[in-house]
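Report on the structure given below.
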Amino acid sequence: MYLVSSFAVLLQDLAVTMTMPSFHNFTVLVTGWVFASRRTVTGMMMAAGVAGVRHHAAFHRLFAAARWSLDMVGLAVFRILEVWLEEQPVLLAVDDTLAAKRGLKVFGAGMHYDPQLSSRSKTVTRWGHNWVILAVIIRFPLWPERPFSLPVLFRLYLNHKSATKHRRTYRTRPELALEMLRVLCRRYPQRHFHVVADSAYGGQGVLSSLPANCDLTSRLVLNARLHDAPVPRSGGRGRPRKRGLQLPTPEQMLKDRARHIALRVYGRQQSARVCDTLGYLYHVPQRRVRVVAVEALRGGRGREAFYSTCCDATAEQVLTWYSWRWSIEQAIRDSKQHLGFEEPQGYSRAAVERTAPIGMLLYSLIAHWFVLDGHRHYQALNRPWYRQKA
């Protein structure tokens, strides 16, 4: 099997992150990764046609011992995607996912919450790796109404037991997300970023520690305490006030009169009642935010609340930004089903931390390649399915 020439040329932009022998082995494994039925190193070698020609240890060493940085490869992929990032700010998405594994000796594996098998009444945990993912949200010209989340940076989350076992400092998922944001924001100080994330990454730890060139849009609980700006001190003794007068909670805001809007989110038209205000969250009194309370008029998810550090944004913009967060869920699903994100087998720390993310970086590169060149080949094929779709 061989990669098409236009995609092989695209991979050359990653050559600066590795030595020439490592990049040659990387290209072979990428070829096998795309065509293999199972994404193990030996499976990739067989799909690439090098099984029996070269020893498998050379390709195992690429992940376990070769000197290259996954962050540098991810930043190189971001640099490739910059051609689509003409608008400011650059939208980012953060989420985590569970990759089920077997084996007690696999580095970083532990018991983690499985959102797919769990429900509100039952919690299910599985043995595996928990990955925190940072992706850039892009709207391609071929599909201007559909956002795509293309992963670029990754961190492996270790629970308390795994961190103790491997003698590493325990860090929470929000702390890992902040680390990736700082890496990207420091690398591109001239750009302004805007990250959208669910409530797990919208707490006070993230909101109070955001980089200077980064904004945040996230969920908020309905009974969140909101305050106005503190009144300037007029003299006298005592420390100055940190918070002003208390404002209505999002739930109380929805009890008053609210305007009706029609939004197109998740591919469908949604009618809702919306009210918004400017204020300060109780636990982060130094950062002003716009709070949006929304209630679906029919269907939907009932009453919800969101906030954004972009204070000049409208309620419609805040809700639209957060709706684009769903694209990272689709990216994770497609990377698992079509590119075998959960399938690589590795035991050492370097092999575990560098093998699986390559599958998601491939997802980003394939989407970029398809818009640039691949759709021309695809349209030339005879497609008997979906005859009534454009």
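Just so you know, these numbers come straight off a predicted model, no measurement behind them.
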Start with the C-alpha distance between Leu247 and Gln252, add both sets of side-chain angles, then the distance that settles side-chain contact (heavy atoms from CB on, under 4.5 Å), and finish with yes or no.
CA-CA 9 Å; Leu247 300 176; Gln252 293 171 342; over 6 Å; no
I'd like to know if the side chain of [X] and the backbone of [Y] have a donor-acceptor N/O pair within less than 3.5 Å.
X      : Y      : result
Arg219 : Ser199 : no
Thr17  : Leu14  : yes
Arg39  : Pro344 : no
Gln337 : Asp334 : no
Arg191 : Pro89  : no
Thr249 : Asn223 : no
Thr309 : Val289 : no
Trp127 : Leu104 : no

hydrophobic_cluster_shared for [Y] and [X], side chain cutoff 4.5 Å:
X      : Y      : result
Val318 : Leu254 : no
Leu3   : Leu362 : yes
Val34  : Val4   : yes
Val83  : Leu142 : yes
Leu98  : Trp131 : no

Show the nearest heavy-atom pair for residues [X] and [Y], with the distance to one decimal.
X      : Y      : value
Cys185 : Cys214 : SG-CB, 4.0 Å
Ala197 : Ser218 : O-OG, 3.0 Å
Arg155 : Met180 : CG-CG, 3.6 Å
Ala66  : Arg354 : O-NH2, 2.7 Å
Ser364 : Leu81  : O-CD2, 4.3 Å
Met18  : Val73  : CE-CG2, 4.1 Å

Within a 6.0 Å radius of atom [atom1] on [X], are there more than 12 heavy atoms belonging to other residues, nucleotides or ligands?
X      : atom1 : result
Arg126 : CZ    : no
Glu145 : CD    : no
Gln286 : CD    : yes
Tyr113 : OH    : yes
Lys165 : NZ    : yes
Arg259 : CZ    : yes

Can we call the ring centroids of [X] and [Y] under 6.0 Å apart?
X      : Y      : answer
His160 : Tyr170 : yes
Tyr188 : Phe78  : yes
Phe140 : Trp84  : yes
Phe148 : Trp143 : yes

What's the separation between atom [atom1] in [X] and atom [atom2] in [Y], rounded to the nearest 0.5 Å?
X      : Y      : atom1 : atom2 : answer
Asp276 : Gln317 : CG    : CD    : 11.0 Å
Ser327 : Leu91  : OG    : CG    : 9.0 Å
Ser6   : Asp373 : OG    : CG    : 4.0 Å

Flag the pair [X] / [Y] as yes when at least one side-chain heavy-atom distance between them is below 4.5 Å, and no otherwise.
X      : Y      : result
Leu92  : Val196 : no
Leu263 : Gln269 : no
Leu150 : Tyr363 : yes
Leu278 : Arg288 : yes
Val284 : Tyr280 : no
Val132 : Tyr201 : yes
Arg61  : His56  : no
Leu153 : Ile133 : no

Passes side-chain contact (heavy atoms from CB on, under 4.5 Å), Ser209 versus Glu175? Steps please.
CA-CA 10 Å; Ser209 305; Glu175 289 174 344; over 6 Å; no
State, without any angle test, whether [X] and [Y] hold a side-chain donor-acceptor pair at a distance under 3.5 Å.
X      : Y      : answer
Tyr307 : Tyr322 : no
Thr19  : Ser22  : yes
Ser308 : Trp321 : no

SB check Arg325 Asp95 (cutoff 4.0 Å):
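Yes, charged N to carboxylate O under 4.0 Å.
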Between the side chains of Glu353 and Arg168, is the shortest nitrogen-to-carboxylate-oxygen separation below 4.0 Å, so that they form an ion pair?
yes
Using the rule side chain to side chain contact (heavy atoms under 4.5 Å, CB included), only one of Met46, Met44, Gln345 pairs with Arg38; which is it?
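Of all the options given, the one that passes is Gln345.
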Among Val30, Leu339, Val77, Ile366, find the one that has a side chain to side chain contact (heavy atoms under 4.5 Å, CB included) with Leu361.
Val77
Hey, which of Asn213, Thr217, Asp215 is the one that makes side chain to side chain donor-acceptor pair (under 3.5 Å) with His194?
Thr217
My understanding is that only one of Arg333, Lys336, Glu342, Gln116 makes a side chain to side chain donor-acceptor pair (under 3.5 Å) with Thr97; could you say which?
Lys336
Walk me through whether Leu29 and Phe63 qualify under side-chain contact (heavy atoms from CB on, under 4.5 Å).
CA-CA 11 Å; Leu29 287 183; Phe63 297 114; 3.4 Å; yes
Look at the rings of His166 and Phe107 and say which category their plane angle falls in: under 30° parallel, 30 to 60° tilted, over 60° perpendicular.
tilted
side-chain contact (heavy atoms from CB on, under 4.5 Å) between Asn159 and His112, intermediate numbers included:
CA-CA 8 Å; Asn159 58 22; His112 299 282; 4.1 Å; yes
